[in-house]
Structures are given as structure tokens and as C-alpha cells.
Amino acid sequence: MFRSVARSAAGKHLLRRGYATESVPDRKVAVLGAAGGIGQPLALLMKLNPLVSQLALYDIANTPGVAADVSHVNTRSEVAGYVGEDQLKQALEGCDVVIIPAGVPRKPGMTRDDLFNINAGIIKGLCAAIAKYCPNALVNMISNPVNSTVPIAAEVFKKAGTYDEKKLFGVTTLDVVRAKTFYAGKAKVNVADVNVPVVGGHAGITILPLFSQATPKANLPEEDIKALTKRTQDGGTEVVEAKAGKGSATLSMAYAGAIFADACLKGLNGVPDVVECSFVQSTVTELPFFASKVRLGKNGVEEVMGLGPLSDYEQAGLESLKPELKASIEKGIKFANQN
């Protein structure tokens with residue numbers, strides 16, 4: 001019974017998300033950090049995606065077990081596990097999409113900024129390998145702090161001579177997922193019908209959900225909008241505290257990462273009108289990187305879309321987030337250019 005219900009639900013979901021019924025191109029996807037708290041459920045979700053033909057799972061330890069487990073799932077993709085730097089080349093060669101959840105998770109009392117020194121070094125090394133072994137892949141950056149790790153990746157790629165701003169994405173989809181969920185609950189509408197753009201960055205006040213543009217319209221009072229905004233901004237902390245120091249937002253992040261990777265794959269395959277929010281190189285504001293709606297296509301970013309009309313509250317939020325986001329971007333660039 002579970003299988004039939006799951007298959008029926010999955011089928012409807014795939015149709016909604018624009019999967020074609022005819023044959024699709026072969027696509028290799030790598031997950032770097034696949035044995036971690038985000039990486040394992042993300043690996044499973046990518047195994048379920050019929051657009052993936054090869055799934056490469058990489059980490060510094062434990063990936064053979066994860067790969068063996070996931071490989072038994074009866075879906076299209078072939079799965080291989082890779083361990084350690086000497087196998088990174090094999091994991092990356094021929095990749096169309098590389099998803100990076102590698103790094104250490106946040107713990108109670110730890111800000112995203114506290115994670116910087118550890119995760120920045122990990123990202124720098126992985127991006128150097130991407131530049132060498134799959135320079136044309138779309139790179140989906142999950143590792144925090146995204147506001148800094150995306151600029152780090154850009155600098156590494158620039159040094160290697162492989163940088164293409166259309167192919168580097170900071171995955172901010174979890175902010176959108178949370179905004180949709182929280183808005184639907186407050187507005188008492190079907191969450192499947194909800195759309196909420198989230199712009200800015202991917203930490204604290206740099207996360208700016210544009211509830212004035214949310215659909216379906218609910219005309220919520222301003223105090224509700226402010227509470228929803230704060231809850232969206234503090235969503236990661238909410239989960240860390242609920243897990244009492246024994247984890248962070250791994251499952252919802254894996255879901256969000258799978259949603260964004262799916263959008264990238266559909267774009268590569270020529271599915272029209274694929275739009276998701278993402279932290280990318282941008283001229284939407286004076287900042288070099290910014291999250292906004294992005295149209296995805298065969299080359300990655302087809303169009304970075306503008307912010308649209310903002311409420312007074314959102315306009316104030318936009319101005320207040322810029323200094324913090326600017327500092328995070330500059331911190332990433334500075335780190336990447338250190339010896």
C-alpha cells in the first residue's frame with residue numbers, strides 16, 4: 001500500500017515539476033560531502049530523480065556504505081562511492097551538476113560566521129578540483145556560510161581560468177521552502193499552491209522573504225508579515241534548538257538542495273520557464289552577489305530577474321541587509337586570495 005501511494009504521489013509531483021515522459025539525456029551528478037547529515041538524505045533524493053543517470057557520492061570517509069545502500073533503490077541512476085582526495089578526480093569527471101553540502105554543521109550558539117574558517121578551507125579545495133576535473137559543471141553550493149562560500153568558489157575558479165558566472169549557484173532554496181510553509185500556515189492556504197520569492201543572502205537578516213509578492217494573496221496584517229519574516233530568517237536556529245545540540249537542519253536542507261538540483265537539470269535539458277531563487281553573481285543591487293529569482297536554462301543562468309515592487313517594510317529590510325551581506329562577500333573574497 002505504501003508503495004502504491006508513494007508512487008502515485010511521486011508521479012503527480014514529477015508531472016507538476018515538469019518531467020518529460022520521453023527519454024531524457026544522460027546526466028552525471030556528484031554530491032560532495034555525501035556521507036554527512038545533509039549529504040545522505042540528499043544522495044537518496046537525487047537517486048529518486050529520473051533525470052540523473054550517474055550519481056557520484058564523495059566524502060572523506062564512509063561513502064562506500066552510503067553508496068551501497070542508496071544503490072539498491074530501484075531507480076534509473078547508477079551509483080558509485082568515492083573516498084578521499086585520490087578518488088575526487090573519478091567522482092568529478094564528466095559531471096553536469098556538482099552539489100556541495102560538505103563541511104561541519106552548525107551547533108547551538110554557533111553563528112554561520114563561526115563556521116567560516118573550517119568550511120571555507122574545505123570549499124576552496126573542492127572548488128580547485130572542480131576547476132580541474134569538471135570546469136563546465138553547474139555548481140550548487142550548500143555549504144555555509146553561503147554568503148561567503150559562493151564568493152570563495154568564484155575566486156578559485158577565476159584563478160583557474162574557468163569561472164563562468166552562469167554556472168555558480170548559492171542554494172538558498174531552503175529559505176523559500178520555509179517561507180512557503182510558514183506563509184501557508186498563517187494564510188490557511190494549500191502550501192502546494194504557494195509561491196514566495198526570497199532575496200538577499202542566506203543568513204539571518206540577509207534573508208528577505210518578499211511576502212508582498214506571495215501568491216495566493218492573503219492580505220495578512222503587518223505584524224504577521226514581520227513575524228513570518230523573522231521566523232524565516234531564524235529557521236535554522238529553530239531547528240538547531242529543537243534538536244538540542246544534536247544536529248541542524250539536515251533533512252529540510254537536503255530536500256531544498258534536491259529541488260534546486262532538479263531545477264538545474266531541467267534547465268540543462270531545455271525545459272522552459274524554470275525559475276528558482278538563488279544567490280548568484282548579480283547586478284540587481286550594487287553588491288556583486290545577491291539572491292533573487294533566476295531563470296535557468298541550457299547554460300545555467302539564463303536571466304537574473306529583478307526584485308519587483310517592494311513594500312516599505314521590505315525596502316527597509318533590503319537596505320538594512322546590505323552592509324552585512326557586503327561584509328560576508330568581502331570576507332569570502334579575502335579568504336580565497338590568501339595563500
Side-chain angles (χ1 to χ4, degrees), residues 106 110-116 119-120 141-154 165 168-183 195-214 220 222-240 248-249 252-253 256 260 275-294 301 304-335:
R106 222 166 25 131
M110 183 188 287
T111 66
R112 292 185 189 275
D113 198 49
D114 291 332
L115 295 176
F116 180 78
N119 287 349
M141 185 68 70
I142 291 174
S143 304
N144 279 315
V146 164
N147 293 352
S148 298
T149 54
V150 169
I152 287 170
E165 69 272 17
L168 175 60
F169 304 89
V171 180
T172 60
T173 314
L174 182 52
D175 302 325
V176 177
V177 165
R178 286 170 173 154
K180 288 179 177 180
T181 300
F182 303 157
Y183 177 85
N195 194 21
V196 184
V198 181
V199 303
H202 185 56
I205 67 161
T206 72
I207 300 166
L208 183 61
L210 303 182
F211 289 113
S212 70
Q213 298 178 26
L220 296 175
E222 187 166 340
E223 60 265 29
D224 285 351
I225 296 298
K226 288 181 177 178
L228 287 171
T229 299
K230 182 163 177 50
R231 191 178 179 201
T232 303
Q233 291 171 338
D234 295 342
T237 302
E238 182 178 316
V239 175
V240 168
S248 58
S252 53
M253 184 62 250
F260 189 75
V275 176
E276 294 286 345
C277 292
S278 183
F279 186 67
V280 296
Q281 182 172 310
S282 173
T283 57
V284 167
T285 69
E286 65 273 23
L287 299 175
F289 295 91
F290 199 82
S292 65
K293 290 196 287 187
V294 172
V301 174
V304 179
M305 303 167 78
L307 300 182
L310 305 182
S311 68
D312 290 345
Y313 175 70
E314 290 161 356
Q315 187 63 50
L318 175 63
E319 295 309 315
S320 65
L321 72 80
K322 286 180 181 177
E324 183 172 319
L325 183 52
K326 182 174 185 282
S328 295
I329 293 169
E330 289 175 349
K331 188 172 185 179
I333 293 170
K334 182 180 177 182
F335 180 91

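- With contacts defined as side-chain heavy-atom distances shorter than 4.5 Å, the pair L174/S252 qualifies.
- Checked by atom type, the side-chain pair T206/N147 shows a donor-acceptor distance below 3.5 Å.
- Residues forming a salt bridge (charged side-chain N to carboxylate O under 4.0 Å, His left out) with E165 (at least two apart in sequence, or on another chain): none.
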Requested in this report: Begin from the C-alpha positions of V304 and T283 and carry the test side-chain contact (heavy atoms from CB on, under 4.5 Å) through to its verdict.
Outcome: CA-CA 8 Å; V304 179; T283 57; over 6 Å; no
Query - Stepwise side-chain contact (heavy atoms from CB on, under 4.5 Å) check, H202 with D175 - result: CA-CA 7 Å; H202 185 56; D175 302 325; 2.7 Å; yes
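- Of all heavy-atom pairs between G201 and A291, the closest is N-CB, 4.5 Å.
- Here the OG1 atom belonging to T229 is positioned 12.5 Å from the CD1 atom belonging to I205, to the nearest 0.5 angstrom.
- Inter-residue side-chain proximity for Y313 and L208 is flagged as unmet; no heavy-atom pair is nearer than 4.5 Å.
- Across P323 and S320, no two heavy atoms sit closer than the pair CD-O, 3.5 Å.
- Atom CD of E238 is surrounded by more than 12 heavy atoms from other residues, nucleotides or ligands within 6.0 Å.
- The heavy-atom pair separating V196 from A214 by the smallest distance is CG2-CB, 3.8 Å.
- Residue N144 holds its CG atom at 8.0 Å from CE of M253, rounded to the nearest 0.5 Å.
- Nearest heavy atom pair, residue I152 against residue A120, reads CD1-CB, 3.5 Å.
- The distance from atom OG of S148 to atom CG of L325, rounded to the nearest 0.5 Å, is 9.0 Å.
- Residues F279 and I329 have side chains in contact (heavy-atom distance under 4.5 Å, counting atoms from C-beta outward).
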Report task. Evaluate the criterion salt bridge (charged side-chain N to carboxylate O under 4.0 Å, His left out) for residue pair K334 and E330; output intermediate values, then yes/no. Result -> CA-CA 6 Å; K334 182 180 177 182; E330 289 175 349; over 6 Å; no
Report task. Show the numbers, then the answer: is there a side-chain contact (heavy atoms from CB on, under 4.5 Å) between K322 and E286? Result -> CA-CA 9 Å; K322 286 180 181 177; E286 65 273 23; 3.3 Å; yes
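- Counting heavy atoms from C-beta on, the side chains of M141 and V171 never come closer than 4.5 Å.
- Rounding to the nearest 0.5 Å places CG of N195 at 9.5 Å from CD of Q213.
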Requested in this report: Could you walk me through whether V198 and I207 pass the side-chain contact (heavy atoms from CB on, under 4.5 Å) test, one step at a time?
Outcome: CA-CA 7 Å; V198 181; I207 300 166; 3.7 Å; yes
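- Remark: D224 engages no residue in a salt bridge (charged side-chain N to carboxylate O under 4.0 Å, His left out) (not counting sequence neighbours).
- Under 3.5 Å, the side chains of S212 and E314 contain a donor-acceptor pair of N or O atoms.
- Within the 4.5 Å cutoff, no side-chain heavy atoms of V294 are placed close to those of M305.
- With a 4.5 Å cut-off on side-chain heavy atoms, F169 and F260 count as touching.
- Of all heavy-atom pairs between E324 and A203, the closest is OE2-O, 4.1 Å.
- Side chains of L220 and L228 form a contact here, defined as non-hydrogen atoms less than 4.5 Å apart.
- Within the 3.5 Å criterion, the main-chain N or O of V280 finds no donor-acceptor partner in the side chain of S278.
- With a 4.5 Å cut-off on side-chain heavy atoms, P151 and F289 count as touching.
- Taking every heavy atom of both residues into account, K326 and L287 meet most closely at CB-CD2, 3.6 Å.
- The CG atom of L318 lies 6.0 Å from the CG atom of L307; values are rounded to the nearest 0.5 Å.
- Rounded to the nearest 0.5 angstrom, Q315 CD and L210 CG are separated by 10.5 Å.
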